[in-house]
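Input: a single structure, listed below in structure tokens.
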Amino acid sequence: MIKRRIILFNPKFERHPQLILPFALLSISRFLHQDFDIDIFVSTPQEDVTEKLLIKCSDAICVGFTCLTGRNILESLRVAKSVRKNFPDLPLIWGGWHPTIMTDQTLEHELVDYIVRGQGEITFKELVWALVENKDVSDIPGLSYKKEGKKYHNPNRQLCDIKLLPSLPYHLINVERFIYSGTEYLQFSEFGQRSIDYISSIGCPNNCQFCSTPVIYRRRWYGNSVDKIINDFKFLIKTYNIDSILFRDDNVFVDKKRILLLCERLLEEGISLNFGMIDTTVKQLLRFKDDELILLKKAGIKHVYIGAESGDNETLRLMNKNTTFEEIVAVSEQCAKYDIWIQFSFIIGTPFKNKNMSIKGIYEDILNNVRLMRTIDKKNKNCSFSQGFYTPYPGNNLYFLSKKAGYQEPNSFEEWANISRHKSFVEVPIKLIKFADLIDFILTYRLRKSGMKIKCFKDFIKYILRIIVTIRFKLNFYEFPIEFWLFRRYSKLIEELSITLSSLKAGGQALVFHGNE
């Protein structure tokens, strides 16, 4: 009897502490769901899904794992270890950004049998059929594997235009669990009562020195057609009553004509949706004329996300960001004019010229970033900011520069789990870390144009807190942050209480999806 079950595991990702749709696993199921039973297991804070996964392994062809660089590696390895212990002959297949970039090192691990490198829809399909039919895999492009103790890396597979791929097989999961609707899994988004994640394109043509996207997609970009996107939106509205979309593309606005045509079609067909998390660049947004921005706003675009990265023009040049301090301020003014919420991210402590790896350099980074943030804040009250220490994720140009500057990369697949986007790769004094935390606290709680609704006493206290930190931000005064100390103490008490209650609470509900569930 031919086995017809495929098991896929999605760990918790540090970058997305809340649940988002398991895009990678849905995507590699596009060509297989009609011929095989596919079970997708999504890890949650509520329960360990290992036992439920193992029950399905008895008649499985393989178990697939997706992972990024970071803590999720350990969780995936833990599940893989349980599978190998109970089903020693079951092939363990890995994919995702980290196995694709660090293929050889990842393949050395005893719990890794195959690696589907890069865009995996076709490679995974061919591998599954080869396993079913017991065929040789040496001619499958984009595949790495072990045979008789030796590692083999087949040639790369050519990237496939996303327009040529079938739509995601949403029926494989319980989509309701991934809708931002105030459930135990996902809270409401800021754009609607029923928001869902969506990808309209893959890749990015830019070559930012700190980014790994060019490594995966070779600086290519492929966007779905407007017709296909419109059909997807209609399906999501009709099937799941969606009222807002959160884009998870690497770069949405690469093709300006596509976006303008999409907005025109949305208005023509009376499709009423709000759109947020639109990742773009300063230069791309500045290309839009006033009448085009009005069109974007009318079509429902509420929020864009831009990596400003630095308040220092020289650092921006070395990052290959193709923008300047002045242009970043200009794009914030542009968005303010049409009431489009814009979110900027910043990086602290990059190793350019070795200067930013020093304690003084990191402190200067923070001050430069705050200077740009305060300048933007004067022009646009509907902006938000975030910042984080530079983390040397593998494969990009800045990563290799970090190694030249003395960074010691992890020696094994497991060790990469210790890499965190919240920590610098150089030793930073506690005093400086606390200062960066204070700035993050102020950026999070400062009042924006949208303000906040006061419904209870707790909201009133938060409002007072926001007023205090907003004044600090405006005055550029960061001494004696009493409210910050009190807030951290309060948060610690709440966390301890939550842990205590969780330990007393039995049960929970795992996210396990079987076909049409």
Side-chain angles (χ1 to χ4, degrees), residues 2-3 5-9 11 24-25 27-32 35-36 38 57 60-69 72-74 76-77 79-81 83-85 87-160 202 212-218 220 393-396 399-400 403 409-417:
I2 297 178
K3 294 182 178 181
R5 185 179 302 280
I6 299 170
I7 297 174
L8 302 174
F9 177 74
L25 302 186
S27 193
I28 62 171
S29 301
R30 295 179 199 253
F31 294 110
L32 293 166
D35 297 306
F36 298 92
I38 300 178
C57 287
I61 302 164
C62 61
V63 180
F65 301 85
T66 181
C67 69
L68 301 172
T69 302
N72 65 97
I73 290 174
L74 287 183
S76 293
L77 284 173
V79 175
K81 184 177 181 179
V83 174
R84 180 55 47 88
K85 178 181 178 181
F87 303 91
D89 297 324
L90 193 57
L92 303 179
I93 304 170
W94 294 72
W97 287 47
H98 187 88
T100 294
I101 295 171
M102 301 297 293
T103 306
D104 200 67
Q105 185 188 70
T106 303
L107 196 58
E108 290 176 0
H109 200 283
E110 62 181 358
L111 297 174
V112 179
D113 299 323
Y114 300 90
I115 294 177
V116 173
R117 306 192 310 268
Q119 192 180 19
E121 293 89 346
I122 299 174
T123 301
F124 185 65
K125 178 194 72 172
E126 293 179 358
L127 174 58
V128 168
W129 280 111
L131 292 174
V132 169
E133 298 171 355
N134 197 28
K135 290 185 176 180
D136 180 54
V137 299
S138 62
D139 61 346
I140 299 178
L143 182 69
S144 294
Y145 60 99
K146 287 183 293 197
K147 184 176 181 180
E148 298 177 353
K150 294 184 178 180
K151 294 179 290 185
Y152 297 89
H153 303 288
N154 296 347
N156 288 332
R157 181 179 293 278
Q158 292 297 313
L159 292 173
C160 179
I202 58 171
S212 297
T213 301
V215 183
I216 300 294
Y217 292 107
R218 307 163 210 166
R220 306 276 183 84
Y393 289 112
N396 56 67
Y399 169 75
F400 294 111
K403 290 178 65 176
E409 71 176 10
N411 294 315
S412 68
F413 188 27
E414 290 105 324
E415 288 184 18
W416 280 103

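Both backbone and side-chain heavy atoms feed into the values below; hydrogens, waters and symmetry mates do not. The residues of the chain are indexed from 1 along the displayed sequence.
Using a 4.5 Å cut-off on side-chain heavy atoms (C-beta onward), His98 and Pro394 make contact. Put simply, the side chain of Tyr114 reaches to within 4.5 Å of the side chain of Leu131, judged on heavy atoms. Side-chain contact between Phe36 and Val132 is present, with heavy atoms from C-beta onward closer than 4.5 Å. Looking at Phe124 and Ile6, their side chains come closer than 4.5 Å, going by heavy atoms from C-beta outward.
For the pair Asp113 (side chain) and Leu92 (backbone), a donor-acceptor distance under 3.5 Å is present. Proximity of a side-chain donor or acceptor of Asn154 to a complementary backbone N or O of Ile140 within less than 3.5 Å is detected. Under a 3.5 Å cut-off, the side chain of Thr69 and the backbone N or O of Trp97 do not form any donor-acceptor pair. Panel note: side chain Lys146, backbone Leu107; a donor-acceptor pair is recorded below 3.5 Å.
Here the shortest heavy-atom pairing between Thr100 and Thr103 reads O-OG1, 2.8 Å. Closest of all the heavy-atom pairs between Leu90 and Arg84 is O-NH2, 3.6 Å. Here the shortest heavy-atom pairing between Asn396 and Ser212 reads ND2-OG, 3.4 Å. The nearest pair of heavy atoms linking Ala130 to Val137 is CB-CG1, 3.9 Å. Annotation for Cys67 and Ile73: closest pair SG-CG1, 4.3 Å, computed over non-hydrogen atoms. Here the shortest heavy-atom pairing between Pro141 and Asn156 reads CB-O, 4.0 Å.
Summarising the geometry, atom CD belonging to Gln119 is positioned 11.0 Å from atom CZ belonging to Arg220; distances are rounded to the nearest 0.5 Å. Between the CG atom of Leu25 and the CD1 atom of Ile38 there is a distance of 10.0 Å, given to the nearest 0.5 Å. The OG1 atom of Thr106 sits 9.5 Å away from the NZ atom of Lys151 when rounded to the nearest 0.5 Å. Within the model, atoms CG of Leu111 and OG of Ser76 stand 11.0 Å from one another, a figure rounded to the nearest 0.5 Å. Separating the CG atom in Leu143 from the OG1 atom in Thr123 is a distance of 7.0 Å, to the nearest 0.5 Å. In this structure, CG on Leu159 lies 10.0 Å from CD1 on Ile122, to the nearest 0.5 angstrom.
Side chains of Ser144 and Arg117: a donor-acceptor N/O pair is present below 3.5 angstrom, by distance only.
More than 12 heavy atoms of other residues, nucleotides or ligands lie within 6.0 Å of CD in Glu108, so this atom counts as buried by the packing criterion. Remark: Lys135 NZ is loosely packed, at most 12 non-hydrogen atoms of other residues, nucleotides or ligands lying under 6.0 Å away.
We find that Asp35 and Lys125 are not joined by a salt bridge, their nearest charged nitrogen and carboxylate oxygen being 4.0 Å or further apart.
Partners of Phe87 by ring-ring contact (aromatic ring centres under 6.0 Å, His included), not counting sequence neighbours: none found.
Checking Pro11, Ser27, Pro99 one by one against Thr66, the side chain to side chain contact (heavy atoms under 4.5 Å, CB included) holds for a single residue, Pro11.
Using bins of under 30°, 30° to 60° and over 60° for the plane-to-plane angle, the ring pair Phe413/Trp94 lands in the perpendicular bin.
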